[in-house]
Each structure stands twice: as structure tokens, then as C-alpha cells.
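For reference, the structure is listed below as C-alpha cells.
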Amino acid sequence: MLIDNETLRRVTGAILEAGGSTPEEAKIVTDHLVEAHLKGHPSHGVGMIPRYYEALHRDELRPNKTVSVVTDSGPLLIVDGNRGYGQAVAKQATQMAIAKAQTDGFAILGLRNSCHIGRVGTYGEMCAEAGFASIHFVNVIGRTAIVAPHGGTDSRLSTNPMVFAVPATDENPPFVLDMATSRIAMGKARVAMMREEKLPLGYVIGPDGQPSQDPNVMWANPHGALMPLGEHKGYGMAMVCEFFAGMLTGGGTLQPENQTSDTTTNNMLAILMDPNRFVENSYMKHEVDAMIAYAKGSPPADPNEPVLVAGEPERLKHAAMLQDGIDIEENTWEALMAAAETVGLSRQKIAEIQDDGN
Ligand code: NAD
């Protein structure tokens with residue numbers, strides 16, 4: 001079904017408020033989830049709410065939490081997310097790190113014990129918009145592993161995303177590389193399952209350790225595994241996320257002692273750097289623009305597919321989807337309605353909320 005973004009925002013906000021979030025928190029989480037759709041990542045959109053509500057009902061996700069400061073020393077800030085909605089506590093933590101970097105030129109942020117923080121590029125975009133270059137490492141603990149190590153036949157890692165952001169120039173919007181270290185994010189396997197589509201070979205292995213094209217293997221018992229990005233290199237980067245986001249923040253790595261629930265817990269280490277402390281602003285802009293122009297100047301392999309840079313596919317999809325509406329598959333909508341019912345919001349009420357804008 002096609003739904004316009006304003007209607008989806010109203011429905012999502014109402015579902016989150018029915019789940020106990022204040023209007024302010026519901027808006028932060030809603031904006032994050034709907035923006036994920038608009039930027040072409042439905043895997044991190046409203047289809048996550050049923051998973052969040054399973055955690056809410058186990059009291060492993062707690063609405064209306066703010067971060068507590070664990071360490072605030074020089075450029076280092078470590079905060080605890082107190083099992084709050086990740087979209088809210090990671091936003092708050094990133095705002096605190098930006099404030100610190102505005103004073104000192106640098107900040108190193110450790111966020112631990114947060115529920116799922118969603119599309120990690122959101123935090124890189126925040127840093128870039130405030131004028132900082134930033135690096136973000138994220139790991140996932142709580143639930144079991146879902147990604148195989150290179151050369152292995154079962155899952156020992158998670159999709160551990162990394163983000164690298166460079167601020168905008170006069171000619172270019174921010175460069176934001178936001179990527180899972182697995183071949184695909186888990187949410188993309190969920191979307192393929194919901195759409196009853198096959199995955200390309202090389203994306204997953206079944207519970208028997210053999211290559212598979214069936215996204216359902218990720219929900220089988222025992223389950224299969226996603227493959228790491230770029231073989232040993234993606235495996236190595238996923239381990240880097242374990243050490244930087246898991247170990248350095250104090251949140252924990254995915255070793256078996258930290259697989260204690262079925263709830264996604266994210267830890268994030270972010271490093272914010274003011275480029276003006278390194279080089280002249282005019283030099284930064286010149287080098288960024290010249291390099292982007294050089295990369296994009298490569299003759300495209302397919303004349304209909306121009307060479308892009310990171311962050312651009314999201315911006316192109318955003319512009320198109322704002323106009324055309326957001327496509328949500330029936331299975332996802334049905335799961336969202338069922339999740340709403342668990343917090344007392346009926347389908348009838350949601351239909352009325354959908355009609356409110358007309
Ligand atoms: P992806 O493969 O769609 O994109 C990865 C990056 O490549 C993006 O920066 C994108 O702009 C860039 N890109 C895509 N096509 C390009 C092209 N043709 N030319 C140049 N650059 C291009 O993303 P993904 O790895 O599937 O991750 C999806 C989302 O899942 C991300 O937002 C990530 O943060 C999120 N995620 C979150 C968690 C979590 O635990 N919170 C875990 C895993 C992934």
C-alpha cells in the first residue's frame with residue numbers, strides 16, 4: 001500500500017503514544033522511522049515497531065528514558081541509554097557530544113545500554129550538519145548473533161554498522177557513508193521475507209551452513225546467518241565494531257555472556273572532529289569538492305546509472321518518496337496494526353487517524 005508521509009507520521013505517533021511515550025518522544029522516534037522510509041531504508045522504518053513492542057512488553061525497552069552520564073572527562077563523554085528508545089537517547093547523546101565538540105573542537109562519545117538506535121547515518125548527518133567530520137562504530141548485543149565470521153558456518157557476529165560523515169561544502173551536501181558490515185542489514189532480509197522475495201546468492205547461509213537464497217532461514221530454529229561484507233574484510237570491520245563500540249564504551253561485545261535477551265541493544269562509539277582544527281576551511285571545501293567531482297566524473301558503466309557518492313542515494317529517494325508516497329507491504333502493515341492492538345489502539349481508531357488529514 002502507498003501512504004503519504006504525513007499520514008504515516010500521524011499513525012506512528014499515535015501508536016507510540018499508546019505505548020507510553022510522551023508526545024515529544026513519540027515525535028522523535030516517528031520522525032526517525034519515517035525518515036528511514038523516505039531515505040530508502042524501509043528495513044529501519046515503522047516495521048521495527050512490532051519488535052520494539054515485544055521488548056516493551058518484556059520491560060526491556062522503556063519509554064521516556066534520557067541518558068545518564070557515566071564519564072565526562074576532557075573530550076570524552078560516556079553515557080548510559082537506560083534501555084530507552086535508541087532513536088531518542090542516541091539523538092540526545094549526539095547533541096551532547098556536538099555541544100562538547102563545539103567547545104573543544106573534538107569529542108569522543110560512548111553510548112551504551114541503548115535499545116535499537118535505528119538508521120545510524122542519522123547521527124552522522126547530525127554531526128555533519130553541525131560542521132563536524134565524524135566516525136561512528138556500532139555493535140549489537142542482547143540477542144543472539146546473526147552474521148557468520150568469514151570462513152565459518154554459523155553466526156557469531158551482528159550486522160555492526162559503521163558511519164563516516166564529512167560536512168557539506170558550498171557545492172556538495174554532506175558525504176555520509178552509513179553501512180552494515182554484513183552483506184545486507186537484517187532488516188533487508190525481513191523486508192525480502194515480507195515481500196516473499198528470494199535473496200541473491202552469497203547473502204545468507206542456511207542452518208546447515210550451506211548457501212541459501214531464502215530469507216526465512218534467518219527466522220528458522222536453528223537459524224541461518226547473514227554473510228559478512230567483502231569476506232574477511234567485512235568480518236574484520238565487524239570485529240572492530242565489537243571492540244570500539246562494545247568494549248570501549250563498557251556496553252559489552254557479543255560474546256555469549258552478553259547474549260542475555262531477545263532484545264537488540266546497541267552500543268555506539270562516535271568521534272567528532274572539527275575540520276577547522278586540522279586545515280583551513282577553504283582548503284577543506286576545495287579538496288572535498290574536487291575529490292567528489294573526480295570520483296563522479298568516471299564514465300558510468302551503465303549510461304542510465306550515473307556514478308554517485310555515499311549519502312546521494314538516500315537524498316534522491318527522499319525527494320522521490322516525498323512526492324510519490326511510502327510503499328508499505330501488507331504484511332508489515334498487518335504486523336504494525338497487531339502491535340498497536342497490544343497497547344490498546346484499535347484498527348478502527350487507526351483508520352480514523354488516517355482519515356484525520358483528509
Ligand atoms: P546500503 O547498502 O543501502 O548503503 C550503504 C552506503 O552506501 C550508504 O551510505 C549509501 O549512501 C551508499 N551507497 C549506496 N548505493 C551507492 C552507490 N550506488 N554509489 C555510492 N554510494 C552508494 O546500507 P546497509 O548497509 O544495508 O545499511 C542499511 C541501514 O541499516 C543503515 O542505515 C544502517 O545504519 C542500518 N543498520 C542499523 C543497525 C543497528 O543495529 N542499529 C544494524 C545494521 C544496519
Side-chain angles (χ1 to χ4, degrees), residues 29 32-33 35-45 47-48 51-52 55 61 81 85-91 94 111-112 114-126 128 134-143 145-147 157-166 172-192 199-200 203-204 215 218 226-230 234 237-238 241-242 245-246 251 254 263-270 291-292 295-296 298 300-302 304-318:
V29 180
H32 186 123
L33 296 174
E35 285 295 314
H37 284 280
L38 291 172
K39 289 181 174 154
H41 295 287
S43 55
H44 286 66
M48 292 303 298
R51 290 282 296 154
Y52 295 167
L61 185 162
Y85 273 103
Q87 291 87 350
V89 293
K91 180 177 181 184
T94 304
L111 168 67
R112 65 196 198 191
S114 164
C115 288
H116 187 239
I117 66 174
R119 197 179 70 85
V120 183
T122 309
Y123 313 106
E125 287 163 4
M126 284 175 69
S134 65
I135 303 174
H136 308 246
F137 301 101
V138 173
N139 83 327
V140 187
I141 60 167
R143 61 168 204 212
I146 51 172
V147 177
L157 289 153
S158 197
T159 50
N160 292 359
M162 299 165 73
V163 169
F164 302 84
V166 177
N172 283 290
F175 170 94
V176 181
L177 178 65
D178 170 19
M179 46 172 262
T181 50
S182 49
R183 187 76 203 263
I184 50 167
M186 181 67 171
K188 290 197 172 155
R190 176 171 52 75
V191 170
L199 291 169
Y203 283 41
V204 291
M218 295 308 300
L226 301 175
M227 298 307 283
L229 165 79
M237 290 195 289
C241 289
E242 292 297 338
L254 188 58
T263 301
T264 297
T265 299
N266 275 149
N267 303 300
M268 173 168 74
L269 184 95
M291 188 62 223
I292 289 177
K296 291 185 64 170
S298 179
D302 174 347
N304 298 316
E305 299 272 346
V307 175
L308 305 175
V309 287
E312 209 173 352
E314 285 76 11
R315 281 190 293 277
L316 292 171
K317 281 178 193 142
H318 195 272

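Both counts, for ligands and for their atoms, begin at 1 and track the order of listing. These numbers come from a predicted model, not from an experiment.
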Quiz prompt | Side chain proximity check, V140 to M186, heavy atoms < 4.5 angstrom | solution = no

Self-check item: Closest approach of any protein heavy atom to atom 38 (C) of ligand 1, naming residue and atom
Solution: P161 CG, 3.5 Å

Quiz item: Do you know the tightest heavy-atom contact between G251 and R112?
Solution: CA-CB, 3.7 Å

Quiz item: In terms of residue, atom name and distance, what is the protein heavy atom nearest to atom 26 (O) of ligand 1?
Solution: K188 NZ, 2.8 Å

Quiz item: Under 3.5 Å between some N or O of ligand 1 and some N or O of E312?
Solution: no

Quiz prompt | Close approach, I184 and ligand 1, non-hydrogen under 4.0 angstrom | solution = no

Practice problem: Only one of H37, E35, K39 passes side-chain hydrogen bond (donor to acceptor under 3.5 Å, both in side chains) with H318; say which it is. | Solution: E35

Quiz item: With atoms numbered from 1 as shown, which atoms in ligand 1 lie under 4.0 angstrom from a non-hydrogen atom of V176?
Solution: 9 (O)

Practice problem: Measure H41 to ligand 1 on non-hydrogen atoms and call it side chain, backbone, both or neither using the 4.0 Å cut-off. | Solution: side chain

Quiz item: If you count the atoms of ligand 1 from 1 in the order shown, which ones are under 4.0 Å from a heavy atom of H116?
Solution: 39 (C), 40 (O), 41 (N)

Self-check item: G311: numbered ligand 1 atoms lying under 4.0 Å from its heavy atoms
Solution: 11 (O)

Quiz item: Does a side-chain N-to-carboxylate-O contact under 4.0 Å join E125 and R315?
Solution: no

Quiz item: Nearest protein heavy-atom contact for atom 11 (O) of ligand 1: which residue, which atom, what distance?
Solution: E314 OE1, 2.6 Å

Quiz item: Can E312 and K296 be counted as an ion pair, charged N to O under 4.0 angstrom?
Solution: yes

Quiz item: Taking N or O atoms only and a 3.5 Å limit, does L177 qualify as a polar contact for ligand 1?
Solution: no

Self-check item: Heavy-atom nearest neighbour in the protein, as seen from atom 32 (O) of ligand 1, with distance rounded to 0.1 Å
Solution: D178 OD2, 2.5 Å

Quiz item: Counting each atom of ligand 1 from 1 as listed, which ones have a heavy atom of V120 under 4.0 Å away?
Solution: 34 (O)

Exercise. Would you mind checking which non-hydrogen protein atom is closest to atom 12 (C) of ligand 1, with the distance to 0.1 Å?
Key: A310 CA, 4.2 Å

Practice problem: Could you tell me if any non-hydrogen atom of G118 lies under 4.0 Å from any atom of ligand 1? | Solution: yes

Practice problem: State, yes or no, whether a side-chain contact exists between N139 and F137 at a heavy-atom distance under 4.5 Å. | Solution: no

Practice problem: Identify the protein heavy atom lying closest to atom 14 (C) of ligand 1, giving its residue, its atom name and the separation to 0.1 Å. | Solution: P313 CG, 3.7 Å

Practice problem: Check whether any side-chain heavy atom of E305 sits under 4.5 Å from a side-chain heavy atom of P300, and report yes or no. | Solution: no

Quiz item: How close do G121 and D178 get, heavy atom to heavy atom, and via which atoms?
Solution: N-OD2, 3.0 Å

Practice problem: For ligand 1, find out whether one of its N or O atoms is nearer than 3.5 Å to an N or O atom of S43. | Solution: no

Practice problem: Run the numbers for me: atoms of ligand 1, each under 4.0 Å from some heavy atom of V140, listed by number. | Solution: 40 (O)

Self-check item: Nearest-contact summary for atom 25 (O) of ligand 1 - protein heavy atom, Å
Solution: A180 N, 2.8 Å

Exercise. Considering only non-hydrogen protein atoms, determine which one is nearest to atom 35 (C) of ligand 1 and report residue, atom name and distance to 0.1 Å.
Key: H44 NE2, 3.3 Å

Practice problem: For T159, take its heavy atoms, then give the atoms of ligand 1 lying under 4.0 Å from any of them. | Solution: 42 (C), 43 (C)

Exercise. Pull out every atom of ligand 1 sitting under 4.0 Å from any heavy atom of L308, numbered as shown with elements.
Key: 19 (N), 20 (C)

